[in-house]
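Chain A is the first sequence line, chain B the second, and so forth, proteins listed ahead of strands; every chain is numbered from 1. Given the structure is predicted, the values throughout are model-derived calculations rather than measurements.
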Amino acid sequence: MLKTHYDHNEVEQGKYQTWKDKGYFLAGDETKTKFSMLIPPPNVTGMLHLGHAWNTTVQDIIARYKRAKGYDVLWLPGMDHAGIATQAKVEARLREQGISRYDLGREKFLEKAWEWKKEYAETIHSQWSVMGLSLDYSRERFTLDDGLNKAVRHVFVTLYNKGLIYRGERIINWDPVFKTALSNIEVIHQDDKGKFYYFNYPLVDDSKNLLIATTRPETMFGDVCLVVNPKDERYLDIIGKEVINPANGEKIPVIADEYVDLNFGTGVMKCTPAHDPNDFLIGERHHLAHPIIMNDDATMNGNCPAEYVGLDRYVCREKLVEKLKQDGYLVKIEDIVHQVGHSERSHAVVEPMLKKQWFVKMGPLAKRALENQNTDDKVEFIPERFNKIFENWMSDCDDWCISRQLWWGHRIPAYYSKKDGSILVSEEPPADMENYVQDEDVLDTWFSSGLWPFSTLGWPNETADLKRYYPLDIMVTAYDIIFFWVSRMIFQALEFTDKAPFKKCLIHGLIRDEQGRKMSKSLGNGIDPFDVIKKYGVDALRYFLTTSTSPGLDTRYSDEKVKSSEAYLNKIWNASRFVLSNLEGEEKLDEEIDLSKLSLIDKYILTRLEKTITNVTINMEKYDFANASTHLYNFVYDDFTSWYLELSKVTMNHETKKVLLKVLKSIILMIYPYTPFIAEEIYLNLPYHGESICLEKYPEYEEKYVSEESEKIVSSLISMIKDVRSFKVDNSLAPNSKVRLYLNHVGNFDFQTILPYLKRFTFANEVIIDDESKKDFSSIYYIGELYIEEDLDKELLKKKFDEKIFAIKNELLRGDKMLNNPAFIAKAPEKKINEEKAKREKYLKELAEYQKKRDILN
RNA sequence: GGAGACUUAGCUCAGCUGGGAGAGCGCCACCCUUACAAGGUGGAUGUCAUAGGUUCGAGCCCUAUAGUCUCCACCA
């Protein structure tokens, strides 16, 4: 029997371990249709946050729903080594002990990193279990395990041999803190305050100056020329001439290139090919030198005048500006706000630098990904608009810089000959490894994540799992990693498996704090899901996360809403207690319900149940969990607890008890994917329950339980009761005050069937049916077919009637406007016209009745 | 500079393919009615951002405007 109070701690206790031990979450029943998904692997960098909780709960709902629907569900767990992020954490930990990774050396450092991984994997596992995620742990993977390493090497080598991976010297985004290259999307552009410095570059053999504006004076040491637009009439005569670079006194030429914008700045720009991507392209076109002027830590190098060597780039900037000011070259300084690139991980200002790195050639891969979206094999984004976001990015992306100057990750399988420096790219090290040196760099962490949908299933081996579960049915993720991850999975999958990696991609938003701000460490506004769980229970958190959210949109965390989720579960808990207490001692409740023995209200609730099952299922199939839960919520609160449970007390019998059991069971089966713990607890307390709710079937719509007629009659009954209640409040009568009711029998059903309920809920001491003599006494209140006799305030009654008459007249007006409109009659669908006509009839009748009663009062 | 989202009750948000404005929380009044006071009953509250347009009919479709937010982009 259920305890008097819903205590989430007690309810959650031990259940997950049992589910896991019993193997309920293991995939592999080949008699069923498969349904497969993978968890987006969390980084082994720390604790899971509310975003993870949201993302994984959505998947868990899908997994549990699909299992209940009879699928063989594979939900494969795993984690991501998260190269740069994890390495940063491990280095920070070492720094606390006063050591750097260089003190340890590569091998020892990696040992530390694996220790870190082990530690945090454990944390994540325990957090997954608290969340109740129905993961198949027997298939868990890690991006750095042997199988995935093999997949990564295979992909790298294959792409290299196809010419889709190349090594080249290009301008890349350099993170001077972590001292590694970054891909374009790892650079966050944000508005920073900066300055526009205007300098004079004196022309050689001329007294004139050229005015140049720059935001980065320190790069002047790397200037190789000035550039003007060949169409710019102002500067036609100076093209080909030389100027003095005031920073270092070197003579540099003025060249012409279409790139220069005539309307920006002074129309003349300086060109630093090694430290700016556009300057680099200009340099390529004009075969210019590209001197690098900074070290990896963004200090100035030997290509700068001695007094600046070793200075940090910003210190150098100040010093140089000061000097140029003294020398009379500085014309003015303007304050500006401009977009500056920062490293996603270190937040340092990214330095564009010319470096030799590995790249994936995106053109052909992107083309195929885009083309595939026009085929039957396309990935269906939910909501659909994310397809456009995906396509926009895909159709305009640069080559992907995949080498990272880190240690934690997949080491690039390229080997350089000690003899001649030639490159050997191969899945396995060369036999004569002593003659080679392996590339020091590792791959971008997203390189391996991009293979996740198939590498985790054993690819490149033709494993049974790969055959059965690939491609996946759905991928669930937040929109912020569409570029990082989703797009890469898609083009890698197409390239290596000739199929899209998943059929659907369900996109959800990000969770924000109560004020709508992003949760961040610096703001200190992060909310630990496990604090919330302690307070309200994991079921309440899960319910909140998946029901008060809208597809693809961000959501705000709301303590109030989690609380009300808990209140809802408490409601179900107590309703269950009521049902169970009524079932006690009853036998043969598992026998088929005898429709002929059902009361009016039993038929009513079954009808509402069947309709609810339909509505919930439709929305579950669309992965619209907010809508699905709303249908269930309304059924539970209104139909079931507010009305049926109360009404059932009046005519409780054996058949009603069967109905109570059936309806309760259906409710907990439908709430189960959202809130598995409380659902299991109640389930195990039901008579005739199975081993676990995890093994139960989802409720199915059954036509035989639907009775439109009963639904209609009980709806009238409910509105009568509501009217009497509201009548009492209006007349300051106690809710349980006795009344005498008169029913005028105009409907086509037997009023006797509703009498017991009407009496009980209106506290009527008498209900008189069809007594013509009682129709014109003065102290009455009339509602539909119902009269109430009482000593009443006539003025109040008049007012009530007048309000009602006014409302009906308004309705009539609305309808007449339509019906008197020839265009409406001509163009509106016939169904709608008939509806309006029927309403008109109904209102006219009501109006007449009310007016009659109103007249009696005068 | 492009792209997208959002603007509905005091607050947070629903409103499915156009056909009588909804929920939760909050608020007011009454009630410890035998599942539930984490409750029940009854109630108040909206020129659906603004202006046009399409339509018999617009919160919903189209256009423009304003405000908020996000993403993308190399403008020195």
Novice: Identify the nucleotide, in any strand shown, that forms a Watson-Crick or G-U wobble pair with B:U47, with both distances under 3.5 Å; if there is none, say none.
Specialist: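 Across any shown strand, B:U47 pairs with none.
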Novice: Under a 3.5 Å cut-off for both distances, is B:U17 Watson-Crick or wobble paired, and to whom?
Specialist: none
Novice: Using atom P in both nucleotides, what's the gap between B:G52 and B:G57 to the nearest angstrom?
Specialist: 16 Å
Novice: Given B:A35, B:C74, B:U70, which nucleotide is nearest the side-chain atoms of A:Asp398?
Specialist: B:C74
Novice: Output yes when A:Glu836 and A:Arg814 qualify as a salt bridge under the 4.0 Å nitrogen-oxygen rule, no when they do not.
Specialist: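 Judged by the 4.0 Å cut-off on N to carboxylate O distance, A:Glu836 and A:Arg814 do form a salt bridge.
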Novice: Can you tell me which nucleotide in B:C74, B:C6, B:C36 comes closest to the side chain of A:Asn278?
Specialist: B:C74
Novice: Who does B:C60 pair with, Watson-Crick or G-U, both distances under 3.5 Å?
Specialist: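 Across all strands, not a single nucleotide pairs with B:C60.
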Novice: Taking any strand in view, what nucleotide pairs with B:A35 in a Watson-Crick or G-U wobble way, both distances under 3.5 Å?
Specialist: none
Novice: For A:Val260, report the nucleic acid contact type (base, sugar-phosphate, nothing); a contact means any heavy atom under 4.0 Å.
Specialist: base
Novice: Does A:Ser550 reach a base, just sugar-phosphate, or nothing at all? Heavy atoms under 4.0 Å.
Specialist: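 Sugar-phosphate: the residue A:Ser550, judged by heavy atoms under 4.0 Å, touches backbone atoms but no base.
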Novice: Could you please spell out the steps behind the side-chain hydrogen bond (donor to acceptor under 3.5 Å, both in side chains) verdict for A:Asp191 and A:Gln339?
Specialist: CA-CA 5 Å; A:Asp191 278 337; A:Gln339 289 266 305; 2.8 Å; yes
Novice: Give the rounded distance in Å between these two atoms: CE of A:Met652 and C1' of B:U34.
Specialist: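 The distance from CE of A:Met652 to C1' of B:U34 comes to 12 Å, rounded to the nearest Å.
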Novice: Can a donor-acceptor pair under 3.5 Å be found between the side-chain atoms of A:Tyr259 and the base atoms of B:C74?
Specialist: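 Flag set: donor-acceptor pair detected.
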Novice: A:Lys571 has a side chain; which of B:G19, B:C6, B:C36 sits nearest to it?
Specialist: B:C36
Novice: Provide the distance between the two P atoms, one in B:A49 and one in B:A14, to the nearest whole Å.
Specialist: 14 Å
Novice: Do A:Asp335 and A:Lys193 meet the salt-bridge criterion of a basic N to acidic O distance under 4.0 Å?
Specialist: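 Salt bridge absent between A:Lys193 and A:Asp335.
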Novice: For A:Gln339, answer base if it contacts any base atom (sugar-phosphate contacts may also be present), sugar-phosphate if it contacts only those atoms, and nothing otherwise; contact means non-hydrogen atoms under 4.0 Å.
Specialist: base
Novice: I need the CG-C1' distance between A:Asn634 and B:G22, as an integer number of Å.
Specialist: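 Computing the A:Asn634:CG to B:G22:C1' distance gives 10 Å.
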Novice: Mapping A:Asp554 and A:Asn810 onto RNA chain B by nearest heavy atom, which one lands closer to the 5' end?
Specialist: A:Asp554
Novice: May I ask you to check whether A:Lys561 and A:Thr547 show a side-chain donor-acceptor distance below 3.5 Å?
Specialist: no
Novice: I need the single residue from A:Phe625, A:Tyr568, A:Tyr557 that forms a ring-ring contact (aromatic ring centres under 6.0 Å, His included) with A:Phe544. Which is it?
Specialist: A:Tyr557
Novice: Counting only Watson-Crick pairs (N1-N3 plus N6-O4 or O6-N4) and G-U wobbles (N1-O2, O6-N3), all under 3.5 Å, who is the partner of B:C75?
Specialist: none
Novice: Would A:Tyr633 and A:Tyr637 count as a ring-ring contact (aromatic ring centres under 6.0 Å, His included) here? Give the steps.
Specialist: CA-CA 6 Å; A:Tyr633 180 93; A:Tyr637 253 101; 4.8 Å; yes
Novice: Provide the distance between the two P atoms, one in B:A64 and one in B:G4, to the nearest whole Å.
Specialist: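 The same atom, P, in both gives a distance of 11 Å.
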Novice: Looking only at atom C1', what distance separates B:C36 and B:C13, rounded to whole Å?
Specialist: 27 Å
Novice: What is the distance, rounded to the nearest whole Å, between atom CG of A:Leu645 and atom C1' of B:U34?
Specialist: 14 Å
Novice: Go through B:A35, B:G19, B:A76 for me and flag the one nearest to the A:Lys832 side chain.
Specialist: B:G19
Novice: Hey, does A:Pro829 reach any base, or is it just sugar-phosphate, or nothing, if we go heavy atoms under 4.0 Å?
Specialist: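 Touches a base.
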Novice: Which distance, rounded to the nearest 0.5 Å, do you find between the CG of A:Asp257 and the CG of A:Leu226?
Specialist: 13.0 Å
Novice: Which nucleotide, if any, forms a Watson-Crick or G-U wobble pair with B:A66, using both distances under 3.5 Å?
Specialist: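 Pairing partner, where one exists within any strand: B:U7.
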Novice: Within the structure shown, what part of the strands sits under 4.0 Å from A:Asp261 by heavy-atom distance: base, sugar-phosphate, or nothing?
Specialist: base
Novice: Looking at every strand, decide which applies to A:Asn392 at a 4.0 Å heavy-atom threshold: base, sugar-phosphate, or nothing.
Specialist: sugar-phosphate
Novice: Under a 4.5 Å cut-off applied to non-hydrogen side-chain atoms, are A:Val663 and A:Phe640 in contact?
Specialist: yes
Novice: Looking at the side chain of A:Phe196, which of B:A76, B:C56, B:C25 is the nearest nucleotide?
Specialist: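 Out of B:A76, B:C56, B:C25, the nucleotide with an atom closest to A:Phe196's side chain is B:A76.
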Novice: In whole angstrom, give me the gap between the P atoms of B:A44 and B:A23.
Specialist: 12 Å
Novice: I'd like a table of atom pairs between the protein and nucleotides 41-48 of chain B - only N or O on both sides, under 3.5 Å - with the distance next to each one.
Specialist:
| residue | atom | partner | partner atom | Å |
| --- | --- | --- | --- | --- |
| B:U41 | O3' | A:Arg725 | NH1 | 3.4 |

Novice: Out of B:C56, B:A38, B:G4, which has the shortest distance to the side chain of A:Arg385?
Specialist: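 Nucleotide nearest to A:Arg385's side chain: B:G4.
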Novice: What's A:Glu646 touching, base or sugar-phosphate or nothing? Going by heavy atoms closer than 4.0 Å.
Specialist: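 Base contact - A:Glu646 has a heavy atom under 4.0 Å of at least one base atom.
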Novice: Is there a Watson-Crick or G-U wobble partner for B:U41 with both distances under 3.5 Å, and if so, which one is it?
Specialist: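 B:A29 is the nucleotide pairing with B:U41.
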Novice: Could you check A:Asn245, A:Ile293, A:Asp279 and say which one makes a side chain to side chain contact (heavy atoms under 4.5 Å, CB included) with A:Asp223?
Specialist: A:Asn245
Novice: Report yes if at least one side-chain N or O of A:Lys388 is closer than 4.0 Å to OP1 or OP2 of B:G4; otherwise report no.
Specialist: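 True: A:Lys388 side-chain N/O within range (under 4.0 Å) of B:G4 OP1/OP2.
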Novice: What nucleotide, of B:U70, B:G19, B:A35, holds the atom closest to the side chain of A:Ala828?
Specialist: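 Nearest to the side chain of A:Ala828 among the choices is B:G19.
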Novice: Taking the same atom, P, in B:U55 and in B:C60, what whole-Å distance lies between them?
Specialist: 16 Å
Novice: Side chain of A:Phe483: nearest nucleotide among B:C71, B:U70, B:A38?
Specialist: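 Selected nucleotide (nearest to the side chain): B:C71.
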Novice: Calculate the interatomic distance between A:Trp573 atom CH2 and B:G39 atom P; express it in whole Å.
Specialist: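 Taking CH2 of A:Trp573 and P of B:G39, I get 17 Å after rounding.
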Novice: Using the C1' atom on both, measure B:C6 against B:U45 and round to a whole Å.
Specialist: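 Those two atoms are separated by 24 Å.
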Novice: Output the single nucleotide from B:A35, B:C16, B:C56 whose closest atom is nearest the side chain of A:Ala575.
Specialist: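 Comparing B:A35, B:C16, B:C56 against the side chain of A:Ala575, the answer is B:A35.
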Novice: Base, sugar-phosphate, or nothing for A:Leu553, non-hydrogen atoms under 4.0 angstrom?
Specialist: sugar-phosphate
Novice: Just compare B:A35, B:U12, B:A76 and give me whichever is closest to any side-chain atom of A:Arg556.
Specialist: B:U12
Novice: Under a 4.5 Å cut-off applied to non-hydrogen side-chain atoms, are A:His275 and A:Met353 in contact?
Specialist: yes
Novice: Heavy-atom nearest nucleotide on RNA chain B for A:Thr555 versus A:Lys842: which residue maps closer to 5'?
Specialist: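 Final value for this comparison: A:Thr555.
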Novice: With heavy atoms under 4.0 Å as the rule, sort A:Glu560 into base, sugar-phosphate or nothing.
Specialist: sugar-phosphate
Novice: Over all strands shown, is A:Ser564 touching base, sugar-phosphate only, or nothing at heavy-atom distances under 4.0 angstrom?
Specialist: sugar-phosphate
Novice: Quick test of your reading of the model: are A:Glu351 and A:Arg216 salt-bridged, counting only N-O distances below 4.0 Å?
Specialist: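 Salt bridge flag = yes for A:Arg216 with A:Glu351.
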Novice: Categorize A:Tyr637 for me: base, sugar-phosphate, or nothing, with a 4.0 angstrom heavy-atom threshold over every strand shown.
Specialist: sugar-phosphate
Novice: Is any side-chain heavy atom of A:Leu510 closer than 4.5 Å to one of A:Trp54?
Specialist: no
Novice: For B:A35, take OP1 and OP2 only and decide whether either is under 4.0 Å from a side-chain N or O of A:Lys649.
Specialist: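 For A:Lys649, the contact criterion (side-chain N or O under 4.0 Å from OP1 or OP2 of B:A35) is met.
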Novice: Could you tell me how far B:C11 sits from B:A73 if I compare only their C1' atoms? Round to whole Å.
Specialist: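 Between the two C1' atoms, the distance is 37 Å.
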Novice: Would you classify A:Tyr6 as touching base, sugar-phosphate or nothing, given that sugar-phosphate means primed atoms plus P, OP1 and OP2, and contacts are heavy atoms under 4.0 Å?
Specialist: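 The answer is base, as A:Tyr6 lies within the cut-off (heavy atoms under 4.0 Å) of a base atom.
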